[in-house]
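Note sheet for the following structure.
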Amino acid sequence: MSMLRNCLLLFSLFSLAACQSTTAADDILTNRQTLRLTIPHEIWRLDASLAVDANETLILNQVAEGLMRLDRNNRPIPALAEKVNVSADQTVYTFQLRNAVWQDGEPVTAYDFARAWKRTLHPKTDSPNAYLFYPIVNAQNYHRGEVSADKVGITVVNEETLQVRLSQPTRNFLTLLALTPFLPQRDSFTQPPSTNRSTLLSLKHNGPFVILDVSADGTIVLKKNELYWDQEQVKLDYIIFYVSNHPTRTINLYNADKIDITRIAREFAQAYANTPEFHSIQLWTTQYIRFNSKNSFFQNEKIRQAISLAIDREQLVSVLKSQAQPAGGLIPPSVKGFRSAFREEAPLPPDKANSGQARILLQEGMQELRISQPPSALVMLSYEDDRMQLAVELKKQLKQALDLNLLLNTTSRAEKYRLEKRGEFDLTLSDWATTYPDAYTLLDTFTSDHPANTGGYKDKPYDETLKRAAHSPQVQKQVKYLAQAEKFLIEKDHAAIPLYYVNDTILIKQRVKGHVHHPFGAPYSFKWTYIEEP
């Protein structure tokens, strides 16, 4: 094991003690341009085709780069695409690649993009991100196994030129290309996923940073990529990601000046709310409950409505001690509509808790189902992070108001996703985030054939309304259709129960400058970040 790795082991979260001898690890820790932060769990895989975890996309956004990149204002700017030509009908995009290389000096070519994208779409890859490619001609048909790969509208004109044909004009298509699923991949990246740390070290990247080391405790060290095409913009020399999922330990590390950026747990937020290091951003994310439609109990609309009315959202937010806002719809207030915020143009207030009306609706629903008692237990999937208290509070409220017995299955996000795909749940807490700046993406997950529709919700009129929104060339009409669809889904059919709009609260040392916090996609970009010299 290298001297560097030995040292990295020593400055794990449990000791963070610097090595006493002069080593590469000492150089990293004393380097002025070293950024330190935490991730809640170890990263075992960096695979753009399969990434759904925010922390995986966080790392990928630092070490890899696609045709476009989100700038400081969350707008897509050219990255590996030096030039972009769009046809008059806005269905053919031709990308001229700049002279960029992988970290071993091999050129990044159009083949790296075409191979990666078609791998994501391949049915056997079973990628949860495949749907993002559906605007491309025949992408969905290929993903379903109905056509061959050569029928997909992704064409390598030559090594420096990639052409993409869309089925119809698509708003925000260039923003889509800034997301991690659209990254290029090397041949070695297409091997089956492994849980071996050596796999992470063997991967070749092309972004502002490269992986220097991964220690036994999960600490990931990134180093500035000297071969990055825009490396003059990169000021940081190193980034260290320590692993910590313990809020008290993490805040202690921040206060001891061992880390520079940290998400702050709800119990500490109020103490720091008025300090210059406290930052709060409303993400384009909503926390809600999704039902398993295969459970006959939840096939009744009145029972779903009863659950919504039984929940005191103000109490939920109070228990969480966060700056979250009770939600009435799936689309957060920060998402743009036509001229202003979507929520201003399509108001949808949250249900007020009404346990009396909830009990009446529950009884009526059970009569319609011809049952006298609810199921003896209902399994609700939850998260193993600081939202465990959310699940406990929901369990308490539904027991008190409706005498429903929830069994909480608290697990990792990856395992939760697997259980949802297998339908092994009755209710599940979901926090689907807007993958790109369009309200459509939050409602699309309830269409009949969407891969994230793990509850199996089906309604043909709803599907048709979403199609009209997707096919509408005018933003005003699109917003109108989306508002209609959301109102039906939440207010009429109660197919999902919105709980609150998610805020991300973080602490950032004042010496950290140029930090970019995205409300969608990968959470942070450190390409422009630097540490201000004292």
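Predicted, not measured: the structure shown is a model, and the values here were computed from it.
The closest donor-acceptor contact from the side chain of N252 to the backbone of T248 lies under 3.5 Å. Checked by atom type and distance alone, the side chain of N292 pairs as donor or acceptor with a backbone atom of G423 at under 3.5 Å. Remark: the backbone N or O of I77 is not paired with any side-chain donor or acceptor of D71 at under 3.5 angstrom. Side-chain N or O atoms of R69 include one that pairs as donor or acceptor with a backbone N or O of N61 at under 3.5 Å. In terms of modelled atom types and a separation under 3.5 Å, the side chain of H205 and the main chain of G207 share no donor-acceptor contact. Under the 3.5 Å distance criterion, the side-chain polar atoms of T286 are left unmatched by any main-chain donor or acceptor of Y501. Formation of a donor-acceptor pair under 3.5 Å by the K416 side chain with backbone atoms of T411 is not found in this model. No donor-acceptor pair under 3.5 Å is formed between the side chain of N73 and the backbone N or O of R75. Of the possible donor and acceptor atoms, one in the side chain of S293 sits under 3.5 Å from a partner among the backbone N and O of G455. Side-chain atoms of T529 come within 3.5 Å of backbone N or O of G514 as a donor-acceptor pair.
With respect to D237 and K223, no salt bridge is recorded, no charged nitrogen being found less than 4.0 Å from a carboxylate O. For D230 and R98, the salt-bridge test fails: no basic side-chain N is under 4.0 Å from an acidic carboxylate O. A salt bridge links K421 to D126: one of the charged nitrogens lies within less than 4.0 Å of a carboxylate oxygen. With salt bridges taken as basic N to acidic carboxylate O contacts below 4.0 Å, one links R36 and D260.
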Is there a side chain to side chain contact (heavy atoms under 4.5 Å, CB included) between L408 and L394 once you walk through the steps? CA-CA 10 Å; L408 304 182; L394 285 169; over 6 Å; no
Between H518 and L70, is a side chain to side chain contact (heavy atoms under 4.5 Å, CB included) present by the stated rule, with each step listed? CA-CA 8 Å; H518 302 297; L70 294 181; 3.6 Å; yes
T447 and D444: CA distance, side-chain angles, deciding distance, side chain to side chain donor-acceptor pair (under 3.5 Å) verdict: CA-CA 5 Å; T447 53; D444 188 33; 3.2 Å; yes
Going through the distances and angles, do L466 and Y440 end up as a side chain to side chain contact (heavy atoms under 4.5 Å, CB included)? CA-CA 8 Å; L466 262 292; Y440 177 87; 3.3 Å; yes
Let's go through T120 and S127 carefully: what are the C-alpha distance in whole Å and the side-chain angles of both, what is the deciding distance for side chain to side chain donor-acceptor pair (under 3.5 Å) to 0.1 Å, and is it a yes or a no? CA-CA 6 Å; T120 301; S127 169; 5.0 Å; no
So E277 and Y254, side chain to side chain donor-acceptor pair (under 3.5 Å) or not? Walk me through it. CA-CA 11 Å; E277 297 181 357; Y254 183 85; 2.5 Å; yes
Could you walk me through whether D112 and K204 pass the salt bridge (Lys or Arg N to Asp or Glu O under 4.0 Å) check? CA-CA 12 Å; D112 296 322; K204 300 297 186 292; over 6 Å; no
List the steps, then state whether side chain to side chain contact (heavy atoms under 4.5 Å, CB included) holds for I506 with I264. CA-CA 5 Å; I506 59 175; I264 183 167; 5.8 Å; no
Kindly determine whether D257 and R511 satisfy salt bridge (Lys or Arg N to Asp or Glu O under 4.0 Å), including the steps that lead there. CA-CA 12 Å; D257 206 22; R511 62 178 175 266; 2.6 Å; yes
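In this structure, K294 places its NZ atom where only 12 or fewer heavy-atom neighbours from other residues, nucleotides or ligands lie under 6.0 Å away. Crowding of E232 atom CD: a count of heavy atoms from other residues, nucleotides or ligands under 6.0 Å not exceeding 12. By the 6.0 Å contact criterion, CZ on R32 is open, its count of non-hydrogen atoms from other residues, nucleotides or ligands being 12 or less. Atom CG of D150 sits in a crowded spot, with more than 12 heavy atoms from other residues, nucleotides or ligands closer than 6.0 Å.
With rounding to the nearest 0.5 angstrom, the CZ atom of R119 is 4.0 Å from the CG atom of D47. Atoms CG and CD1, on L427 and I289 in that order, are 6.0 Å from each other to the nearest 0.5 Å. Residue K527 holds its NZ atom at 11.5 Å from CG of N225, rounded to the nearest 0.5 Å. The distance from the CG atom of D213 to the OH atom of Y238 is 12.0 Å, given to the nearest 0.5 Å. Distance check: L222 CG to I240 CD1 gives 9.5 Å after rounding to the nearest 0.5 Å. For the atom pair M388 CE and S382 OG, the distance stands at 8.0 Å (nearest 0.5 Å).
Relative orientation of the H143 and Y134 rings is tilted, given thresholds of 30° and 60° on the angle between their planes. Ring-plane geometry between F526 and Y524 is classed as tilted, the angle between the planes lying from 30 to 60 degrees on a 0 to 90 degree scale.
Applying the side chain to side chain donor-acceptor pair (under 3.5 Å) rule to Q62 yields no partners; only residues at least two apart in sequence or on another chain are considered. By the ring-ring contact (aromatic ring centres under 6.0 Å, His included) test, Y457 is found to be paired with no residue, residues two or more places apart in sequence or in another chain being considered. Taking the side-chain contact (heavy atoms from CB on, under 4.5 Å) definition, one finds that N172 meets it with T175, Y436, P437, D438, sequence neighbours left out. Not a single salt bridge (Lys or Arg N to Asp or Glu O under 4.0 Å) links E532 to another residue, sequence neighbours left out. In this view, F241 satisfies the ring-ring contact (aromatic ring centres under 6.0 Å, His included) rule with no residue, not counting sequence neighbours. Residues passing the ring-ring contact (aromatic ring centres under 6.0 Å, His included) test with W117 are F133, F182, sequence neighbours excluded.
Using a 3.5 Å distance cut-off with no hydrogens or angles, the side chains of S412 and E384 do not pair a donor with an acceptor. Side-chain atoms of D53 and N55 form a donor-acceptor pair, as typed in the model, at a separation below 3.5 Å. At a cut-off of 3.5 Å, with distance as the only test, a side-chain donor of S244 or T250 sits close to an acceptor on the other residue. Y142 and R144 share no donor-acceptor pair across their side chains, judged by distance under 3.5 Å alone. Side-chain N/O atoms of S280 and N503 include a donor and acceptor closer than 3.5 Å. Side-chain N/O atoms of N129 and S49 include no donor and acceptor closer than 3.5 Å. For Q103 and Y228, the side-chain atoms include no donor-acceptor pair closer than 3.5 Å.
Minimum interatomic distance between F425 and L419 (heavy atoms only, all atoms of both residues): CD2-O, 4.2 Å. Of all heavy-atom pairs spanning Q287 and V502, the tightest one is N-CG2, 3.9 Å. Minimum heavy-atom separation, L407 to A377: CD1-CB, 3.6 Å. Closest non-hydrogen pair, S334 versus L283, comes out as OG-O, 3.6 Å. Listed here is the closest heavy atom pair of F520 and N74: CZ-O, 3.8 Å.
Seen from the ring of Y383, R387 counts as a face-on cation partner, given the 6.0 Å and 45° thresholds.
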